[in-house]
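Here is the structure we will look at, set down as structure tokens.
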Amino acid sequence: MTARKARVLWIDDDPERQKDAENLSDEELTVEFKCEGLNFSAPGALREIARYDLLLVDYRLEKLPDQTIRYMGPAVLGLLRSVDDDTPAYLVSAQGAADLAKFPGLSGFEEFLKLAELQGVLRMRERLKDDVAGYRAIAAIRRRTNADAAILDLLRVPKASQPFLLEAVPSSVKQALVRSPTADVASGSPELPGRLGFARWVRRTLLQKAGPLLPSLHAATRVGMKEPRFRETRAFDAALYKGIFSKSHDRRWWAATIDGVVLERQRRLDLPPGLPWELGPKVFRLQKSDVAKCVVCGEAQPEIVARDTDTEREVPVHQRHSTPAPQRDFTPFFAEERVVE
Amino acid sequence: MAKKRKASDASLIREHLLAALEFLTRSRPVGTYAKDLLRSCTTAQPLLKGSKENSWSLVMAPWTFELSGARYRGQEDCIKIVMGAEIRTAGGRLLRQTVPICVVAKPRCFSHGPPWCKQPAGQDGEAATRRLHFDYDANVTKWPKHHLQVGGNPQELRHAGSYYYAVAEDPSEPRVPAPSLDFVLALDLVMREFNTGLDLPQEPGWRKLVVRSEELSLKPYFDVAHDELGRSNREVPLIEHLSQ
């Protein structure tokens, strides 16, 4: 049985974008473009829009023809949320992410996409398909089912990482996944209820912050490797995140499963026990040039990744060469944000 | 019917530590306000889980509590507590256990009495003003196997922070004969005495772990001391008895 074709609606006031939408479409994905003939106040118009799997909404819609009222993207989303809680919407703009402050109402959207990203056809096509598949998988969760089991299935969590992941999911998000969606979705709260709330937690918290899942620099540092070497090795394939929305972000690895890989090798080689960043170079017999080094002292075995406040880049450092970031957040079960001393 | 074999000390301690690590890695206050401890526990847990029941070693990555104000008078300058834990067992026996604790204070002068100098000579960073550790060492005979020591090797906690050691490493004496607090009891003590932001000592799950630690760590020590002190015609002082 083949999967139902993914249907995406792109609402934009620039007719030139139609060809971009057509470029994205293929046999598994239809990106319909609407510029003319949109009347949001017509009976049933919003419900019609809500039948799509995903919406791409331009921020500025002032030039949208056939409108008696001039809308902006967030206003269109507001109207949609009056009839529908579950349809995800991404904001589109030609302007860069550095200008995010210019986009009031952004928090109601699941994602911010630059036009140039949407024009990167091959990558974006796969990403949109993957995102739609993720939203559909969430929507397919039966109400009153076991939330933990559903989450482990959606995120395809390896056994060793399951207890850590389940602790990290806020109970409100967990329960909302298996309850009827509520009407409070438009609030823009990071923990908004309903199924979209779960998707938002996955995309904005689990896949963004180091915690149960690690970005590659964090994962590499944890096992005492330099990032390029870590990205090359296949040893951690079992720890690679393969759950919903895995194509929306750079690759991520399950922290506890990474530890398990290192410890399994340590036992097999009959080496003395130790911490993952101490054992990694030994169990993988790393060359000196592949061993992670602290950017402050140049010594091996930096235990963590911290932000260099001069460059704003994350770098591997020894814990002793870092301090907790003054403006850190305290999201439970996610890593402490630290800055280089 | 086969007689059930008595579990070894190493196996009982391992089982207890696994329960403690399980509790801490699932504790929301720890996951929110003591992320360093959480990281240490999450790396220690699989290490211990995969170890042999009767012969295992555990070195926990040191962790830091950022203190949020003073709990008692005199703690106004204390900003951090740094802790660690290291345990070694073999052949079903506990061989060595050390739980170091460092109390770190704001930059201040240690050379002159009050009023403190505003420009401390030689050190202008954070300083460990107290360092103590609880030890158990099965192999020593020169001093009590269970003891509490002030000072000691600062390298044990060097991973956790770069601060000036205002405590001399030597002399290592005296080693005060005392029951060696294990990881759970030492953590409980710190949470009770300092403002770590963690209220675990009032949580039933944590209290159960503390009571179990008392059974495993304190009871054998006090039993030995009680029996020895209750014996008639004693000729060996307790401190020597505890060293044997």
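Residue numbering restarts at 1 for every chain, and letters A, B, ... go by the order of the sequence lines.
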Which residues pass the salt bridge (Lys or Arg N to Asp or Glu O under 4.0 Å) test with A/Asp148, sequence neighbours left out?
-> A/Lys174

Assess whether side chain to side chain donor-acceptor pair (under 3.5 Å) is satisfied between A/Asp259 and B/Gln45, documenting all intermediate values.
-> CA-CA 10 Å; A/Asp259 292 351; B/Gln45 202 179 22; over 6 Å; no

More than 12 heavy atoms from other groups under 6.0 Å of CZ on A/Arg251 = yes

CG on B/Leu38 to CD on A/Glu167, rounded to 0.5 Å = 10.0 Å

Is it the backbone or the side chain of A/Ile304 that comes under 4.5 Å from a heavy atom of chain B, or both, or neither?
-> side chain

Given that the side chain runs from C-beta out, which part of A/Ala256 has a heavy atom under 4.5 Å from chain B: side chain, backbone, both or neither?
-> neither

Please list every donor-acceptor pair under 3.5 Å in which a side-chain atom of residues 151-164 of chain A meets a protein atom from a residue at least two apart or in another chain.
unit_1   : atom_1 : unit_2   : atom_2 : d
A/Ser161 : OG     : A/Thr257 : N      : 3.4
A/Ser161 : OG     : A/Thr257 : OG1    : 2.6
A/Gln162 : NE2    : A/Val157 : O      : 3.1

Is any residue of residues 260-277 of chain A within less than 4.5 Å of chain B by heavy atoms, and which ones?
-> A/Leu263, A/Arg267, A/Pro273, A/Gly274, A/Leu275, A/Pro276, A/Trp277

Chain A neighbours within residues 14-32 of chain B, where any heavy atom lies under 4.5 Å away = B/Thr25, B/Arg26, B/Ser27, B/Arg28, B/Gly31, B/Thr32

Can you find a pair of side-chain heavy atoms, one from A/Glu336 and one from B/Arg39, that are under 4.5 Å apart?
-> no

Under a 4.5 Å heavy-atom cutoff, which of B/Leu58, B/Val59, B/Thr43 has the most pairs with chain A?
-> B/Thr43

Can any side-chain N or O of B/Lys35 pair as donor or acceptor with the backbone N or O of A/Thr331 at less than 3.5 Å?
-> yes

